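This report refers to the structure that appears directly beneath it.
As the structure is a computational prediction, the values presented were derived from the model and not from experiment.
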Amino acid sequence: MSKEVLTKAKAPETIGFFFVAGNLSIDFINTQIVENNAPKDLLTDFADFAAWAAAAHLLEKPKAEKLIADWSGQTEGVAIFAEALKFRSVLREMFVRLAQGKTVHKTAMMAINREIRNQRGAVEIRQTATGYKKQFLADFRDPRQLFVPIAESAADLLCYGNLANLRKCENQDCILYFYDTTKNHTRRWCSMAGCGNRAKAAAFYHRQRKQIDRKN
């Protein structure tokens with residue numbers, strides 16, 4: 001494994017993924033961003049996808065490293081990564097339509113259902129501090145299984161969420177989406193630290209310019 005790939009697997013949180021959406025499937029489409037007024041894809045290869053999955057806590061970092069070692073650069077790994085991008089494209093189109101108040105295409109529901117049906121794993125009983133619990137353990141040795149929790153997250157949003165709270169960041173130059181869970185549902189930005197602060201700074205600048213213009 002190359003040093004670059006190993007770094008991605010060991011420290012995925014340092015790569016710059018965005019987890020601001022409040023929903024895993026929306027966070028997945030938010031791996032496409034705009035940076036310096038140009039589109040940028042945070043997923044450029046299989047290693048990036050595995051690193052994102054680790055950063056999203058879908059699997060532990062050592063397992064992400066193992067996936068990268070086994071699949072990165074391999075023909076099937078390249079094909080799986082292409083499938084991931086195709087699934088992301090389907091989800092992006094679906095969320096864009098929903099944010100615009102439109103209905104979901106059947107092709108999107110078919111894609112989500114297909115990934116959910118492909119789920120593989122086993123149920124185990126584990127002891128907890130307060131008793132016992134039954135837990136499903138996904139088999140992530142097949143990277144395609146990483147699509148399953150993403151699909152389930154999209155399905156949960158469609159079935160149980162209030163789709164009126166699905167929104168795009170109000171920054172016209174930003175393409176990130178989020179599910180607004182604030183008390184009054186007045187969230188406007190992907191994050192206050194990013195687009196929110198930039199909007200405040202721009203508004204302050206315009207107010208200052210108006211005051212200067214009045215004095216002149």
Is there side-chain contact between V90 and T107, with at least one heavy-atom pair below 4.5 Å?
-> no
Could you state whether F17 and L67 fall into the same hydrophobic cluster, counting links through intermediate Ile, Leu, Val, Met, Phe, Trp or Tyr residues with side-chain heavy atoms under 4.5 angstrom apart?
-> yes
Interatomic distance, CG@L146 vs CZ@R144, rounded to 0.5 Å, equals 11.5 Å
To the nearest 0.5 angstrom, please state how far the NZ atom of K106 sits from the CG atom of N113.
-> 12.5 Å
Partners of F87 by ring-ring contact (aromatic ring centres under 6.0 Å, His included), sequence neighbours excluded?
-> none
Would you check if D142 and R120 make a side-chain contact, meaning some heavy-atom pair closer than 4.5 Å?
-> yes
Parallel, tilted or perpendicular, as decided by the 30° and 60° cut-offs, for the rings of F49 and F46 | perpendicular
Does E152 reach the side chain of I116, with side-chain heavy atoms less than 4.5 Å apart?
-> yes
Does CG belonging to L137 count more than 12 external heavy atoms closer than 6.0 Å?
-> yes
Heavy-atom donor-acceptor pair, Y179 side chain to N162 backbone, under 3.5 Å | yes
Near Q172 CD, under 6.0 Å, is it more than 12 heavy atoms from other residues, nucleotides or ligands?
-> no
Is F81 linked to L42 within one hydrophobic cluster, defined over Ile, Leu, Val, Met, Phe, Trp and Tyr using a side-chain heavy-atom separation of less than 4.5 Å?
-> yes
Is atom CZ of F136 surrounded by more than 12 heavy atoms (other residues, nucleotides or ligands) closer than 6.0 Å?
-> yes
Close side-chain approach of K86 and E83, heavy atoms under 4.5 Å | no
Distance-minimising heavy-atom pair for F95 and A154 = CZ-CB, 4.5 Å
For K63, what residues pass the side-chain contact (heavy atoms from CB on, under 4.5 Å) criterion, not counting sequence neighbours?
-> L59, E60
Step by step, work out the side chain to side chain contact (heavy atoms under 4.5 Å, CB included) result for W189 and L176.
-> CA-CA 9 Å; W189 318 106; L176 299 189; over 6 Å; no
Gap between atom CD1 of I150 and atom CH2 of W52 - 0.5 Å precision | 4.0 Å
Should V148 and F140 be regarded as members of a common hydrophobic cluster, given that ILVMFWY residues are connected when their side-chain heavy atoms come within less than 4.5 Å of each other, either directly or indirectly?
-> no
D180 side chain to N165 main-chain N or O, any donor-acceptor pair under 3.5 Å?
-> no
For I68 against A50, the heavy-atom pair lying closest together = CG1-CB, 3.7 Å
I112 and A151 have their tightest heavy-atom pair at CG2-O, 3.5 Å
Has the side chain of N36 got a donor or acceptor atom that lies under 3.5 Å from a matching backbone atom of A38?
-> no
Smallest separation among heavy atoms of W71 and R141, with atom names | NE1-O, 3.5 Å
Test item: F147 and N118 side chains (from C-beta on) under 4.5 Å apart, heavy atoms | no
Donor-acceptor pair, N23 side chain versus S153 backbone, under 3.5 Å?
-> yes
Trace of the side chain to side chain contact (heavy atoms under 4.5 Å, CB included) decision for L157 with M94 = CA-CA 12 Å; L157 183 60; M94 181 184 78; over 6 Å; no
Does some side-chain heavy atom of Q119 sit less than 4.5 Å from a side-chain heavy atom of Q145?
-> yes
Give a yes or no on whether L91 and V96 share a hydrophobic cluster (residues Ile, Leu, Val, Met, Phe, Trp, Tyr; joining criterion: side-chain heavy atoms under 4.5 Å apart).
-> yes
Considering only heavy atoms from C-beta outward, does the side chain of N37 approach that of D173 to under 4.5 Å?
-> yes
Closest non-hydrogen atom pair, R187 against T182 | N-OG1, 3.8 Å
Treating Ile, Leu, Val, Met, Phe, Trp and Tyr as nodes and any side-chain heavy-atom pair under 4.5 angstrom as an edge, say whether V34 and F18 lie in one connected cluster.
-> no
Euclidean distance, C174 SG relative to K168 NZ, rounded to 0.5 Å = 6.0 Å
If you measure from CD1 on I29 to CG on L24, what distance do you get to the nearest 0.5 Å?
-> 11.5 Å
Quick one: CG on N30 to CD on Q32, what's the gap to the nearest 0.5 Å?
-> 9.5 Å
Do I26 and F178 have side-chain heavy atoms sitting under 4.5 Å apart?
-> no
